[in-house]
Amino acid sequence: MQYDFRSIETKWQAAWAQGETFRAPNPGEPTFDPSKPKCYVLDMFPYPSGIGLHVGHPLGYIATDILARYKRMRGFNVLHPMGYDAFGLPAEQFAVEHGVHPRVTTEKNIENMTRQLKRLGLSYDWSRCLSTTDVGYYKWTQWIFLQLFKSWFDPIQKKARPIDELVKALIAEDFYVTLDGDITPASLSDENMKAIGGLPGGLKSWAGMPVDEQRTVIENQRLAYLAEVPVNWCPALGTVLANEEVTNEGKSDRGNHPVFKRPLKQWMLRITAYADRLGDDLNRVDWPEPIKLMQRNWIGRSEGALVDFRVEGYDDVIRVFTTRPDTLFGATYMVLAPEHALVDEITADAQRQAVDHYRAQAASKADADRTEAKVKTGVFTGAYAVNPANLAHIPIWIADYVLTGYGTGAIMAVPAHDQRDHDFAKTFKLPIVQVITAPDDFDVQQRAWEEDGLGVNSANDEVSLDGLAVDEAKQKITIWLESKNVGLAKVQYKLRDWLFSRQRYWGEPFPILHGPDGEIEAVDESELPVELPPMENFQPSASDDPDAQVQTPLSRAPDSWKVIERDGKRYTRELNTMPQWAGSCWYYLRFCDPSNEGRFVGAEAEKYWMVSMKRDSGMGTSNPHAGGVDMYVGGAEHAVLHLLYSRFWHKVLFDLGHVSTPEPFGRLFNQGYIQAYAYTDDRGVYVAADEVVEREGKVATITRTERNKAGDEKSATYQTTFYHGDTPVVQEYGKMGKSLKNAVAPDDMCEQYGADALRLYEMYLGPLDQSKPWRTTDIVGVYRFLQRVWRNFVDPETGTLRVTDEAADEGLRRYLHRTIKRVSDSMERMSFNTAIAALIELNNELVALKEVPREVAEPMVRLLSPMAPHIAEELWERLGRKESLTHAPWPPYDPALLVESTVDYPVQVNGKMRGKITVPADADDQAIEAAARADEKVAAQLEGKTIRKVIVVKGRMVNIIAN
RNA sequence: GCCGGUGUGGCGGAACUGGCAGACGCGCCGGAUUCAAAAUCCGGUUCCCCUUCAAAGGGAGUGUGGGUUCGAUUCCCUCCACCGGCACCA
């Protein structure tokens with residue numbers, strides 16, 4: 001007989017809600033217990049999508065819930081909140097199509113997803129639930145933006161400081177203004193000044209500068225600033241597109257309209273100022289090494305040199321960045337990005353037409369196309385530069401394999417030692433000069449030698465790199481370049497400043513006002529929030545004209561919202577909105593104190609929940625970390641962007657004294673995806689996966705036309721035994737979701753098997769950090785386990801408890817304690833699949849018993865409770881316990897019961913398993929060896945052989961080497 | 001092209017620090033129970049060879065090929081496949 005767990009689940013979910021069982025009181029509240037350590041367990045909060053959850057979503061939520069419940073039983077004050085990252089495109093697009101306000105859609109979706117999450121029995125403190133779209137929340141998102149806007153990065157202290165202090169420092173002449181409008185510390189010498197971006201040649205006095213020039217200097221130092229940035233503009237849709245929304249052909253994904261790259265004035269955040277700290281502080285957090293590596297690669301710190309090449313016949317120099325200044329003598333041509341500022345000026349008349357044509361072509365190409373092009377393209381400008389090392393006369397080309405966004409947008413090409421330059425040189429028959437030694441059989445005319453070697457062909461009258469190793473040569477040439485004033489050592493980053501504005505409605509409005517003379521003013525903090533204006537039409541202004549002005553949705557807001565009178569001047573509000581990242585950058589802070597109206601987070605609450613009380617936060621690791629969230633779980637797709645942006649905001653808040661820790665997330669865990677089979681028909685269209693059946697032996701052949709990445713059409717043939725109705729379909733495998741039509745709803749699983757079975761199955765699938773396939777049929781395994789647990793405890797006929805107060809026998813008691821250890825260890829390692837396996841084994845031991853001894857029953861229910869909380873609570877109550885299991889202590893194990901009196905040793909002969917011996921646990925090596933040699937099978941193997949060596953590994957095995 | 005990850009029975013996976021490969025579950029096979037089915041319970045299940053059967057035994061085996069080691073799923077190198085990310089990063 002199958003027990004129906006659903007009524008138990010409803011009962012306990014109601015009881016938990018009623019008793020506010022999972023509410024985490026803040027310091028100062030009457031129920032707060034200061035004697036306990038804290039533990040902050042956080043999920044990456046979801047976007048409230050209209051189709052609701054599929055079983056892939058709760059994977060991480062179930063894991064964190066188990067951890068939160070486990071930590072409560074371990075005596076921690078656990079903060080375990082949930083909320084919604086609810087600004088974003090789908091709600092806006094729905095609004096455009098149906099005229100429904102995004103807030104309406106969003107609230108409906110949030111309600112539905114909350115219902116789905118609650119049904120899983122997740123132990124969130126729902127009183128802390130928030131949405132990034134709550135006015136009371138985005139008020140503080142805007143406030144944080146203002147902190148960035150009102151700050152600058154002090155290159156001496158290497159931290160953010162209030163912008164007023166920059167003005168004071170300039171007046172006091174602690175800093176000077178360089179000719180190009182940057183600032184430089186007075187303590188730096190003229191030479192060093194260049195290193196932070198200033199041009200040689202002099203300084204400006206702050207006092208002598210006109211006011212508007214002063215203003216520009218200040219604007220250029222803010223952590224939030226405006227800049228002209230190229231965007232993918234689609235006039236027909238009236239909107240700016242992300243790279244992923246642009247096809248390889250430079251058309252819009254939706255509607256196939258032409259897309260143009262055009263510059264647009266955008267808000268930028270100066271994340272690059274934090275490049276070093278974002279890299280260095282990775283050493284202070286306990287994160288998976290691959291994720292740290294990805295962030296380090298993204299920041300991309302590289303040491304090299306800037307080198308100036310004089311352009312023949314012009315006053316200009318082309319400045320390049322290179323990581324290999326040691327190969328300077330091998331630079332045989334230069335390449336500028338098509339967008340480089342000097343291209344127009346230096347292009348020879350004869351080349352003008354070709355250059356312009358190429359630039360137009362490059363502008364229309366999506367970045368993806370530039371990256372995937374196999375054949376190098378480019379055009380000669382007609383101009384020449386001088387290699388400062390050997391005074392060689394070298395041609396200047398433009399090519400799209402050089403990008404404006406990185407370095408200086410120009411390179412010196414060393415075809416002998418860089419394969420991309422080599423490819424280009426081969427295509428255009430440019431000279432290849434070897435300057436690093438390669439093996440004798442290696443010909444740099446055939447391929448680039450990119451490995452290390454000694455300098456060769458690298459000398460002029462003043463400096464020689466010949467015979468020097470790479471590092472030495474780099475140093476020597478850089479010193480020489482600096483002495484000639486044509487180059488300097490430079491640290492370069494791949495990281496670029498963060499483009500922070502979006503031309504959308506459904507996002508946080510910027511708390512910024514534009515004055516009549518172009519002045520940019522912050523909205524006063526007392527006037528926050530700047531609420532989104534009510535609007536009815538969300539349709540963007542489409543146009544056929546690529547040069548039409550970009551109209552953001554907010555530009556159609558009523559003047560009563562857009563226009564502000566202040567001190568007799570008319571100001572216009574900023575009409576862009578913030579990106580979806582903004583709200584998710586700091587929600588973990590708001591969770592600490594979600595209803596605080598006077599501050600983004602109360603200082604005491606922030607300090608309590610964010611600062612680690614112990615070096616070992618009790619998360620099963622002894623790695624010291626910089627505080628913050630004790631466990632942050634989410635998908636690896638956020639490995640770089642969200643986590644980097646969030647760390648950046650946190651550091652700014654830290655510098656300004658608003659938070660107490662240098663890092664937001666002390667420990668991070670990335671869960672894998674749940675994948676599932678998907679099926680496509682003969683047109684390549686996905687069909688509903690749950691309607692597909694396999695017919696064994698009935699093989700069908702499908703031939704269809706497919707398009708590969710490059711857009712070429714190809715015919716492909718498949719053999720299959722899968723059918724959708726009578727239509728044969730091809731099986732594929734991929735991430736679960738709407739697009740592949742293979743989503744499985746958690747509601748259906750709860751309905752059929754119950755929330756506890758679903759929770760167990762998701763955890764039992766495999767290691768949390770790996771991707772793994774979902775197969776609904778397999779859920780019966782854990783479902784049977786739960787039924788068996790129930791039957792072991794409750795008589796199915798009478799409904800009475802099958803638990804006895806009599807003592808367990810020695811063997812069962814030992815088994816229990818071994819299980820407690822196994823489950824506890826698994827919990828600490830987040831290895832929930834093995835924890836469940838251990839519980840299944842213990843439960844299987846109980847099947848043959850008439851009654852379960854209470855000394856086994858109670859610890860077992862407690863071990864089970866984080867994973868299957870509803871059934872555990874019910875059994876706990878039936879065991880006569882009045883209080884919820886939530887704060888029942890985690891069972892301890894007795895180490896004495898884990899020690900066996902005898903030990904089994906496998907015995908190998910020449911590394912092959914040949915026998916097994918059992919010896920007393922305290923036997924010494926001689927005794928173990930003697931027992932091994934006495935074993936019948938081992939002796940047979942040793943017959944006629946001479947023993948050369950015997951290896952005894954205490955507690956492990958014996959290996960006898962003989963021949 | 002670059003970066004990161006993963007490859008273990010029919011399937012999901014286990015083996016935590018280099019020490020008994022395949023825990024646990026699914027599926028499958030056999031049996032018990034049942035009028036029957038469902039449910040439940042018991043047993044078997046890496047592959048190959050030897051043996052009439054069984055017991056027992058032998059050999060191979062953790063993507064491929066090599067290396068280190070008394071001993072490798074685990075460490076190193078080569079290659080292959082799949083998954084994820086990407087900004088040709090100079």
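Below, chain A is the first sequence line, B the second, and so on; all start at residue 1. Hydrogens, waters and symmetry mates are skipped; everything else that's a heavy atom, side chains included, is used.
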To the nearest Å, give me how far apart CH2 (Trp774(A)) and P (C11(B)) are. 21 Å
Picking from G27(B), G5(B), C83(B), which would you name as closest to the side chain of Gln675(A)? C83(B)
Apply side-chain hydrogen bond (donor to acceptor under 3.5 Å, both in side chains) to residues Tyr493(A) and Asp276(A) and explain how you reach the verdict. CA-CA 9 Å; Tyr493(A) 302 92; Asp276(A) 269 333; 2.8 Å; yes
Nearest to side-chain heavy atoms of Asn297(A), which nucleotide of C3(B), C42(B), G5(B): C3(B)
Nearest whole Å is fine: how far is G25(B) P from Asn843(A) CG? 10 Å
Could you tell me how far G9(B) sits from U74(B) if I compare only their P atoms? Round to whole Å. 15 Å
Does Asp308(A) use its side chain to pair, donor to acceptor, with the backbone of Gly487(A) at less than 3.5 Å? no
Whole-Å C1' distance, G67(B) and A54(B): 44 Å
Taking atom P in both U33(B) and A38(B), compute the distance separating them and give it to the nearest angstrom. 16 Å
Say we look at A15(B) and C20(B): how far apart would their C1' atoms be, to the nearest angstrom? 10 Å
Yes or no on side-chain hydrogen bond (donor to acceptor under 3.5 Å, both in side chains) for Ser302(A) and Thr323(A), after CA distance, side-chain angles and deciding distance? CA-CA 7 Å; Ser302(A) 61; Thr323(A) 53; over 6 Å; no
Taking C42(B) as the reference, what is the distance to G25(B) when you measure between their P atoms (whole Å, please)? 11 Å
Using the P atoms only, state how far U73(B) lies from C26(B), rounded to an integer number of Å. 28 Å
Let me know, please, whether Gly766(A) or Ala848(A) comes out on the 5' side of the other along RNA chain B by nearest nucleotide. Gly766(A)
In whole Å, I'd like the distance from the CG atom of Asp497(A) to the C1' atom of A87(B). 15 Å
Non-neighbouring partners of Tyr783(A) that pass ring pair (Phe, Tyr, Trp, His ring centres under 6.0 Å), sequence neighbours left out: Tyr753(A)
Are Phe424(A) and Trp397(A) an aromatic pair by the rule of ring centers under 6.0 Å? yes
Given atom CG of Leu839(A) and atom P of A14(B), what is their separation to the nearest angstrom? 16 Å
How far does the P atom of G63(B) sit from the matching atom of A81(B), given to the nearest Å? 16 Å
Could you check how far CD of Gln295(A) sits from C1' of G85(B), rounded to whole Å? 13 Å
Per atom distances to the Arg914(A) side chain, the nearest of G13(B), A90(B), G59(B) is G59(B)
For residues Trp498(A) and Phe648(A), determine if any side-chain heavy atom of one lies less than 4.5 Å from a side-chain heavy atom of the other. yes
Please map the stems of RNA chain B, keeping only stretches of three or more Watson-Crick or G-U wobble pairs with both distances under 3.5 angstrom. B:1-7 with B:80-86, B:10-12 with B:24-26, B:27-32 with B:40-45, B:46-49 with B:57-60, B:65-67 with B:75-77
Could you check how far NZ of Lys949(A) sits from P of C70(B), rounded to whole Å? 5 Å
Counting only side-chain heavy atoms from C-beta out, which of G27(B), C11(B), G12(B) sits nearest to Arg775(A)? C11(B)
Classify the glycosidic conformation of G9(B) as syn or anti, calling it syn when the angle lies within 90° of 0. syn
Criterion side-chain hydrogen bond (donor to acceptor under 3.5 Å, both in side chains) on Thr377(A) and Tyr358(A), from CA distance to verdict: CA-CA 9 Å; Thr377(A) 62; Tyr358(A) 187 78; 2.7 Å; yes
If you check the Ser302(A) side chain, which of C41(B), A90(B), G13(B) turns out closest? A90(B)
Separation between the P atoms of A32(B) and A37(B), rounded to whole Å: 12 Å
If you only use heavy atoms from C-beta on, which nucleotide in G5(B), A90(B), G84(B) is closest to the side chain of Pro290(A)? G5(B)
Across nucleotides 16-24 of chain B, 5' to 3', mark each nucleotide with B, S or - according to how protein heavy atoms within less than 4.0 Å reach it. B--BBS-BB
Whole-Å distance between G84(B) P and Trp298(A) CH2? 17 Å
Is the distance from the ring center of Trp287(A) to that of Phe669(A) below 6.0 Å? no
Using a cut-off of strictly less than 4.0 Å, decide whether Arg788(A) has a side-chain nitrogen or oxygen near OP1 or OP2 of C41(B). yes
Which is true for Arg948(A) with a 4.0 Å heavy-atom rule: it touches a base, it touches only sugar-phosphate, or it touches nothing? nothing
Of Gly781(A) and Leu495(A), the one whose closest nucleotide on RNA chain B sits nearer the 5' end is Gly781(A)
Honestly, is Arg818(A) close enough over Tyr815(A), meaning NZ or CZ under 6.0 Å from the six-membered ring centre and within 45° of the axis? yes
Does Arg822(A) form a salt bridge (charged side-chain N to carboxylate O under 4.0 Å, His left out) with Asp825(A)? I'd like the steps, not just the answer. CA-CA 5 Å; Arg822(A) 283 175 69 191; Asp825(A) 291 351; over 6 Å; no
If I take atom CD in residue Gln770(A) and atom P in nucleotide U73(B), what distance separates them, rounded to the nearest angstrom? 19 Å
Around atom CZ of Arg296(A), are there more than 12 heavy atoms from other residues, nucleotides or ligands closer than 6.0 Å? yes
